[in-house]
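Some notes on the structure that comes next.
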Amino acid sequence: MKKLIACLLSLILVFFSVGCSDTAADENTSTQKGTLLLLNGNVKKISVTSLPEGYDYSFEGEDSKAIVDYLSDLNLVSQFKENPNEYGGMTWVISLEYDNGETLQIYHFANMFIKAAGGKWYKMNNDEAINLENLLDELTK
């Protein structure tokens, strides 16, 4: 009987510790800055369009700098349990043109996820994500 109880307690501890380590991994929300999305160099022009189509903006000078600053200041989470493929919503396509001729597209999706073309998805916090729309409204007035 003592062996049975000891065995059951051992199993419970094993299951509990496995459950705790999975939870800890899910809560690992190491945050990185949005600068990791950008290329090195000076941005001379930015266009912002939407999918589905409907919005089409173009920015230069201080207005493009405001968008670069927005992207640079984002706090991005690299490990998250949500799957971007399971979400729907509008995508902002942010196309950056650099002084050296390089171009980069960034996809700002469903006010939750963001990635550079060919890169991996990152999760944004909702308050920061919705600020893109506010910034676009402000820049187009």
Side-chain angles (χ1 to χ4, degrees), residues 2-141:
K2 287 182 183 181
K3 284 185 180 182
L4 179 61
I5 291 173
C7 194
L8 287 173
L9 285 174
S10 295
L11 285 173
I12 289 170
L13 288 174
V14 167
F15 287 125
F16 179 73
S17 66
V18 168
C20 287
S21 65
D22 288 345
T23 302
D26 288 342
E27 293 175 4
N28 182 2
T29 55
S30 60
T31 304
Q32 301 170 349
K33 291 308 265 180
T35 52
L36 68 92
L37 296 170
L38 303 170
L39 301 174
N40 289 327
N42 294 320
V43 174
K44 74 175 185 181
K45 182 178 178 182
I46 293 178
S47 63
V48 180
T49 58
S50 63
L51 295 173
E53 295 177 357
Y55 296 96
D56 190 355
Y57 305 114
S58 183
F59 304 101
E60 294 184 42
E62 288 300 311
D63 291 346
S64 66
K65 183 182 179 325
I67 294 173
V68 169
D69 290 346
Y70 164 79
L71 294 169
S72 297
D73 290 338
L74 289 172
N75 292 298
L76 305 178
V77 177
S78 59
Q79 295 179 8
F80 49 90
K81 52 188 165 186
E82 295 85 359
N83 180 353
N85 295 324
E86 295 175 355
Y87 284 79
M90 189 174 81
T91 301
W92 290 108
V93 180
I94 306 166
S95 301
L96 297 94
E97 183 180 331
Y98 289 80
D99 284 341
N100 65 6
E102 287 185 283
T103 59
L104 172 68
Q105 284 192 324
I106 295 177
Y107 302 97
H108 187 287
F109 172 60
N111 279 344
M112 184 180 265
F113 305 104
I114 193 165
K115 77 173 190 169
K120 66 176 265 173
W121 285 111
Y122 294 93
K123 185 177 176 186
M124 301 177 283
N125 79 47
N126 188 57
D127 291 338
E128 290 180 344
I130 62 174
N131 279 338
L132 178 60
E133 288 184 44
N134 298 335
L135 177 59
L136 292 174
D137 286 344
E138 181 182 307
L139 294 175
T140 56
K141 287 183 181 179

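Just so it is clear, the model here is predicted, and its values are computed rather than measured.
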Heavy-atom pair of closest approach, residues D73 and E128: O-OE2, 3.9 Å
Pair D137 + K141: basic N to acidic O under 4.0 Å: no
Nearest heavy-atom pair of W121 and Y107: which atoms, and what distance? CZ3-O, 3.8 Å
Of all the heavy-atom pairs spanning E82 and K123, show the shortest one and how long it is. OE2-NZ, 2.8 Å
Could you measure the distance from the NZ atom of K45 to the CG atom of D99? Nearest 0.5 Å is fine. 13.0 Å
Would you name the heavy atoms of A66 and L135 that are closest together and state the gap between them? O-CD2, 3.7 Å
Applying side chain to side chain donor-acceptor pair (under 3.5 Å), can you list everything that pairs with E97, at least two apart in sequence or on another chain? K44
State, to 0.1 Å, how close A110 and G89 come at their nearest heavy-atom pair, and which atoms those are. CB-CA, 4.5 Å
Is the backbone of S78 close enough, under 3.5 Å, to the side chain of Q32 for a donor and an acceptor to pair up by distance? no
Spacing of CG belonging to N42 relative to CG belonging to L96, to within rounding of 0.5 Å: 12.0 Å
Considering non-hydrogen atoms only, spot the tightest contact between M124 and Y70 and give its length. SD-OH, 4.4 Å
Can you find a pair of side-chain heavy atoms, one from N125 and one from V77, that are under 4.5 Å apart? no
If I take atom OH from residue Y122 and atom CD from residue Q79, how far apart are they, to the nearest 0.5 angstrom? 10.5 Å
When rounded to the nearest 0.5 angstrom, what is the spacing between NE2 in H108 and OG1 in T91? 10.0 Å
Tell me, do L38 and V43 make a side-chain contact under 4.5 Å, heavy atoms counted? no
From T103 atom OG1 to I46 atom CD1, the distance as rounded to the nearest 0.5 Å: 12.5 Å
Heavy-atom side-chain contact between W92 and E133 under 4.5 Å: yes
What distance separates L37 CG from I106 CD1, expressed to the nearest 0.5 Å? 5.0 Å
Restricting to side-chain contact (heavy atoms from CB on, under 4.5 Å), what partner residues turn up for T35, sequence neighbours left out? K33, S72
pair I67-L139: side-chain heavy atoms closer than 4.5 Å: yes
Residues 54-63 side chain polar contacts: donor-acceptor under 3.5 Å, at least two apart:
none

